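Report on the structure given below.
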Amino acid sequence: MMIILCPAGFCGMTPKAGATVAAVYMILVTNMYLIFEVGHLERAMMDMAQIKPFNLTEVGKMLPYCYYTAITLAVMTYPVCVFLIYSVHKRLYMGMFAYVAWITFYDLANCLVVALAYQVSKEGWFYLSPLEWFGLATRIPMDCFWLSFVVTYALMVIESKRQGRLSLRMRRISRNVSEPPRFRLGSTARKGV
């Protein structure tokens with residue numbers, strides 16, 4: 001779809017460049033996410049230590065496991081991002097679609113983890129930081145934005161492999177974006193002077 005609407009790319013980036021930036025973006029976002037999640041886990045553990053063990057329900061004891069799950073999913077995202085960079089470089093469309101599947105699963109799993117942590121925190125007399133909801137609400141639209149580049153480039157790779165060569169359209173797009181325009185000042189010829 002992006003090829004039809006924006007043949008020269010979107011936001012000044014070709015689909016290939018956007019797919020690479022998508023991986024770098026996800027690595028940076030995962031770094032921030034891990035920092036916050038470890039902090040939330042430490043806060044939850046301190047809150048749990050202040051509650052008497054017999055007052056803590058079985059559901060309330062699940063709160064650390066919600067954070068452990070979120071941290072594990074985030075750590076597993078690093079190799080997936082590196083694999084996306086490799087797939088873009090080697091033009092492996094299956095690797096790009098694997099990244100799309102992982103990010104979709106990752107975002108859905110994080111929605112479930114935050115919703116479960118919210119439910120557990122209500123029963124365990126904790127409060128869930130609004131930052132967790134805000135982080136999730138801002139990351140999902142951005143993931144969708146960057147996934148559009150990955151899907152578009154994967155489809156372009158499939159199209160070019162079907163044709164057996166790098167399509168003319170892809171060469172024209174990469175040439176137009178990578179080279180600055182050339183201006184020819186004074187190249188107009190004067191007639192009759």
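Here the structure is a predicted model, which is why all the values come from computation and not from measurement.
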Output a table of donor-acceptor pairs, distance under 3.5 Å, between side-chain atoms of residues 130-139 and any protein atom two or more places apart or on a different chain; print 'none' if there are none.
from : atom 1 : to   : atom 2 : distance (Å)
E132 : OE2    : Y67  : OH     : 3.0
T138 : OG1    : F134 : O      : 3.0
T138 : OG1    : G135 : O      : 3.2
R139 : NH2    : D107 : OD1    : 3.4

Please collect all salt bridge (Lys or Arg N to Asp or Glu O under 4.0 Å) contacts where either partner lies in residues 13-36, sequence neighbours excluded, each pair once.
none
Do Y68 and V114 sit in one hydrophobic cluster, given that two such residues count as connected whenever their side-chain heavy atoms are within less than 4.5 Å of each other, even indirectly?
yes
Which donor-acceptor pairs under 3.5 Å do side chains of residues 95-104 form with protein atoms, sequence neighbours excluded?
from : atom 1 : to   : atom 2 : distance (Å)
W102 : NE1    : T77  : OG1    : 3.2
T104 : OG1    : V100 : O      : 2.8

Do V150 and V24 land in one hydrophobic cluster if side-chain heavy atoms of ILVMFWY residues count as linked below 4.5 Å?
no
More than 12 foreign heavy atoms under 6.0 Å from CZ of F36: is that the case here?
no
What are the two closest heavy atoms between T30 and A74, and how far apart are they?
CG2-O, 3.3 Å
So the salt bridge (Lys or Arg N to Asp or Glu O under 4.0 Å) pairs with at least one residue in residues 63-77 (sequence neighbours excluded) are none
Nearest heavy atoms of A19 and L84, plus distance in Å
O-CD2, 3.6 Å
Going hydrophobic residue to hydrophobic residue with side-chain gaps under 4.5 angstrom, can you get from L108 over to L112?
no
Heavy-atom nearest pair, F149 first then T14, reads CD2-O, 3.9 Å
Residues passing the side chain to side chain donor-acceptor pair (under 3.5 Å) test with Y33, sequence neighbours excluded, are N110
Taking R91's backbone N and O only, do any of them form a donor-acceptor pair with K161's side chain (distance below 3.5 Å, no angle check)?
yes
Rounded to the nearest 0.5 Å, what separation is found between the CD1 atom of I140 and the CE atom of M142?
13.0 Å
Separation between OH of Y153 and OG of S87, rounded to the nearest 0.5 Å:
10.5 Å
C66 SG to E37 CD distance, which is reported to the nearest 0.5 Å:
10.0 Å
Specify the closest pair of heavy atoms between G18 and M13, including all atoms of both residues, with the distance to one decimal.
CA-SD, 4.0 Å
Distance, nearest 0.5 Å, that separates CG of L28 from SG of C81:
9.5 Å
Using a 4.5 Å side-chain heavy-atom cut-off and chaining through intermediate ILVMFWY residues, the residues clustered with Y86 come out as F83, L92
Path from V80 to M76 over hydrophobic side-chain contacts below 4.5 Å:
yes
Heavy-atom distance under 4.5 Å between the side chains of F105 and L73, does that happen here?
yes
For the hydrophobic clusters of this structure (ILVMFWY residues joined by side-chain heavy atoms under 4.5 Å, transitively), does one cluster hold both Y25 and I85?
no
Can you give me the closest heavy-atom contact between A70 and V113, atom names plus distance?
CB-CG1, 4.1 Å
Is any side-chain heavy atom of M26 closer than 4.5 Å to one of W146?
no
ring-ring contact (aromatic ring centres under 6.0 Å, His included) against Y78, all qualifying residues, sequence neighbours excluded:
none
For V38, the side chain to side chain contact (heavy atoms under 4.5 Å, CB included) test, sequence neighbours excluded, returns E42, I71
